[in-house]
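This report concerns only the one structure given below.
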Amino acid sequence: MFKKVLIANRGEIAIRIINALKELGIKSVAVYSEADKESLHVQLADEAICIGPPHPLQSYLNLTSILSAAEVSGAEAIHPGYGFLAENPKFAEICEECGIIFIGPKASMMEKLGDKISARKIASQSSVPILQGTLDPISDLKEAIKIAKKIKFPVILKAAAGGGGRGMRIVTSEEDFENVFLSASSEAEKAFGDGRLYLEKYLEEPRHVEIQVLADTHKNIICFPERDCSIQRRHQKLIEESPSPAVSPSLRKKIQDSAEKLIKKSGYIGAGTVEFLLDEEGNFYFMEVNTRIQVEHPVTEVGSSVDLVKAQILIAQGENISYLKKREGCNNHCIEFRINAEDPQKFVPSVGKIELLRFPTGIGVRIDSHIYQGYSIPPFYDSLLAKLIVWGENRKETIKRAKRSLSSFTIEGVKTTIPLYLKILEDEAFLNGAFSTRYLERHTFF
């Protein structure tokens with residue numbers, strides 16, 4: 001059992017990890033930038049160490065500062081949360097070299113599945129459905145255009161090291177291919193230091209569904225019911241729910257079986273997410289693997305009554321988690337709303353001081369947040385203020401609970417995405433479960 005764990009993150013996920021550590025009887029060490037001195041995770045941890053100036057490159061992305069904090073505090077392990085260094089194989093490798101346990105997959109596994117081309121090959125070798133396209137980086141534009149013509153436009157170019165929609169472009173014709181390729185490759189190079197691209201058939205109206213997995217060192221693999229993450233803007237998820245309104249029990253089993261095949265083939269250990277696209281005919285295709293805990297992990301926790309963060313820590317300690325297999329079913333319907341500090345009409349970040357704060361309460365409501373009344377939102381990090389998670393016996397009850405909760409959720413001093421969600425909950429397409437990843441492109445709410 002670990003005695004002390006350092007949390008290489010901030011905000012609500014840092015608090016989420018602190019809570020899991022407390023329940024396991026493990027001391028927590030928070031790190032913080034100068035801008036986060038008054039942050040709640042700093043106050044709740046057993047110890048807190050400042051690791052640098054506000055800019056992430058000088059603090060939360062500074063490997064030397066974080067490892068020094070681990071050494072000074074005597075932490076045996078580091079939990080990276082999500083974002084920042086969570087999917088950085090170099091960081092995981094250095095942790096291993098320093099004798100510090102990285103709570104996540106090995107660096108080699110992160111490289112293998114974090115690279116989308118490599119992951120796509122593993123999926124293909126595991127007999128997991130993939131979209132038509134290339135299995136290697138595009139090196140010859142003429143050959144790539146031939147493939148695009150064969151599978152028919154539109155196609156999509158994706159960055160091998162990509163994420164968040166960067167280095168991703170839709171190509172609708174042969175004439176546009178070269179210019180779009182050069183633009184996407186340049187963006188990927190700037191964002192990730194890796195300009196490699198691959199090509200896939202573009203689905204016009206897909207749903208985005210994902211399977212949460214846990215895999216331990218005893219060859220246990222647990223695949224939970226899907227999360228539907230189709231309500232998103234520019235590839236950034238806003239609303240997630242489980243189970244998906246578009247997935248039947250038989251389809252769920254097929255998707256879970258595919259996720260398990262891929263995890264088994266790769267030898268993955270830890271918590272991860274296997275992501276898929278679902279077309280209008282009910283066919284599903286592998287998209288990518290996220291080798292970390294996800295922002296939307298509470299959706300699965302509520303549905304399964306499994307503490308995924310605790311499970312991550314137990315797996316890192318080498319424990320057997322086979323007892324969790326009995327919790328793979330759907331116990332209820334759950335929806336999560338990401339409450340961002342953004343103007344919902346323009347999606348422009350909103351910074352300032354929270355003058356008034358009231359969280360919703362009642363049955364079937366969970367709030368994951370790091371904010372408090374009087375808290376000043378720093379301009380240096382992402383805009384996530386809180387996650388509202390609601391659940392009920394079925395989707396209809398959960399939506400009613402969501403309306404009630406969002407209506408009583410008060411944040412004054414900054415603009416938030418709450419008004420957008422209240423409008424979505426009145427929209428017929430959403431209420432009928434008839435939406436795709438292009439939902440927000442197709443609907444105007446303001």
Side-chain angles (χ1 to χ4, degrees), residues 87 105-106 108-138 147 150-151 155-163 168 196-216 219-230 235 237 240 242-244 246-292 294 296 300 325 328 436-437:
E87 292 181 285
K106 297 289 184 186
S108 57
M109 188 54 56
M110 212 181 287
E111 288 177 338
K112 189 189 293 186
L113 289 177
D115 183 285
K116 290 180 171 57
I117 293 175
S118 172
R120 188 168 150 83
K121 283 182 180 178
I122 294 170
S124 179
Q125 292 162 3
S126 308
S127 299
V128 174
I130 62 172
L131 287 163
Q132 290 178 286
T134 58
L135 284 174
D136 293 298
I138 296 170
I147 294 170
K150 185 178 179 181
I151 64 178
V155 297
I156 186 164
L157 295 171
K158 293 183 177 180
M168 187 183 294
R196 292 176 305 138
L197 303 179
Y198 65 101
L199 178 154
E200 281 183 347
K201 175 67 180 171
Y202 177 67
L203 297 182
E204 296 279 2
E205 298 284 348
R207 294 183 87 107
H208 182 162
V209 298
E210 60 188 29
I211 300 293
Q212 174 72 55
V213 299
L214 292 174
D216 67 16
K219 299 185 178 179
N220 295 301
I221 299 173
I222 303 170
C223 296
F224 296 92
E226 78 289 339
R227 298 187 292 246
D228 192 319
C229 308
S230 301
H235 308 288
K237 301 166 186 173
E240 301 98 359
S242 182
S244 168
V247 175
S248 65
S250 60
L251 179 57
R252 176 172 306 116
K253 181 69 167 57
K254 290 177 183 176
I255 300 174
Q256 287 175 308
D257 287 348
S258 288
E260 183 170 352
K261 283 181 188 176
L262 190 146
I263 293 301
K264 188 178 291 185
K265 178 76 175 178
S266 67
Y268 186 84
I269 303 293
T273 306
V274 186
E275 308 206 6
F276 298 89
L277 292 176
L278 181 67
D279 70 18
E280 294 171 276
E281 286 74 47
N283 303 303
F284 65 94
Y285 306 94
F286 170 76
M287 184 168 64
E288 64 186 28
V289 177
N290 282 300
T291 58
R292 54 172 166 78
Q294 296 272 84
E296 61 272 21
T300 298
K325 272 189 169 290
E328 287 179 312
S436 72
T437 56

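From a predicted model like this one, the values you see are computed outputs, not experimental measurements. Atom set for the values below is all heavy atoms of this structure, side chains included, hydrogens, waters and symmetry mates excluded.
Considering OG1 of T273 and CZ of R292, their distance stands at 7.5 Å, rounded to 0.5 Å. Expressed to the nearest 0.5 Å, how far OG1 of T134 lies from CG of L197 amounts to 9.0 Å. Atom CZ of residue R207 and atom SG of residue C229 lie 11.0 Å apart, to the nearest 0.5 angstrom. Residue T437 holds its OG1 atom at 7.0 Å from CG of L277, rounded to the nearest 0.5 Å. Here the OG atom belonging to S436 is positioned 12.0 Å from the CG atom belonging to D279, to the nearest 0.5 angstrom. Considering OG of S244 and NE2 of H208, their distance stands at 11.5 Å, rounded to 0.5 Å.
In this structure, the side chains of D115 and R196 come closer than 4.5 Å at one or more pairs of heavy atoms. With contacts defined as side-chain heavy-atom distances shorter than 4.5 Å, the pair E226/I255 does not qualify. Two residues are said to be in side-chain contact when any heavy atoms from C-beta on lie closer than 4.5 Å; E275 and N290 meet this criterion. Contact annotation: the side chain of I156 never approaches that of L131 to less than 4.5 Å [non-hydrogen atoms, C-beta and beyond]. Contact check for P137 versus I117: side-chain heavy atoms found under the 4.5 Å cut-off. Side chains of L135 and R120 form a contact here, defined as non-hydrogen atoms less than 4.5 Å apart.
Taking both residues in full, the closest heavy atoms of G282 and L251 are given as O-CD1, 3.7 Å, listed atom of the first, atom of the second, then distance. Across every non-hydrogen atom of K112 and S118, the tightest pair is O-OG, 2.7 Å. The two atoms that bring I269 and D216 nearest to each other are CD1-O, 3.1 Å, heavy atoms only. Closest heavy-atom contact between I211 and P225: CD1-C, 4.3 Å.
Not counting sequence neighbours, the partners of E204 by the side chain to side chain contact (heavy atoms under 4.5 Å, CB included) test are P154, Y202, R438. The side chain to side chain contact (heavy atoms under 4.5 Å, CB included) search around I151 returns Q132, V155, L199, K201, not counting sequence neighbours. The side chain to side chain contact (heavy atoms under 4.5 Å, CB included) test applied to K264 returns I221, E260, not counting sequence neighbours. When the salt bridge (charged side-chain N to carboxylate O under 4.0 Å, His left out) test is applied to E210, the partners found at least two apart in sequence or on another chain are R227, K237.
Side chain of T291 to backbone of E87: no donor-acceptor contact under 3.5 angstrom is found.
Among residue pairs with one or both ends in residues 259-278, those qualifying as ring pair (Phe, Tyr, Trp, His ring centres under 6.0 Å) are F276-F284; sequence neighbours excluded.
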- prompt: Given K158 and M287, is the side-chain contact (heavy atoms from CB on, under 4.5 Å) satisfied, shown in steps?
  reply: CA-CA 11 Å; K158 293 183 177 180; M287 184 168 64; 3.9 Å; yes
task: Starting from the C-alpha separation in whole Å, work towards a yes-or-no answer on side-chain contact (heavy atoms from CB on, under 4.5 Å) for L262 and L113.
output: CA-CA 10 Å; L262 190 146; L113 289 177; 4.1 Å; yes
Would you mind writing out the side-chain donor-acceptor pairs for residues 121-130 within the sub-3.5 Å range, not counting sequence neighbours?
from : atom 1 : to   : atom 2 : distance (Å)
K121 : NZ     : D136 : OD1    : 2.8
S126 : OG     : I122 : O      : 2.6

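D257 and K261 are not joined by a salt bridge, as no carboxylate oxygen comes within less than 4.0 angstrom of a charged side-chain nitrogen.
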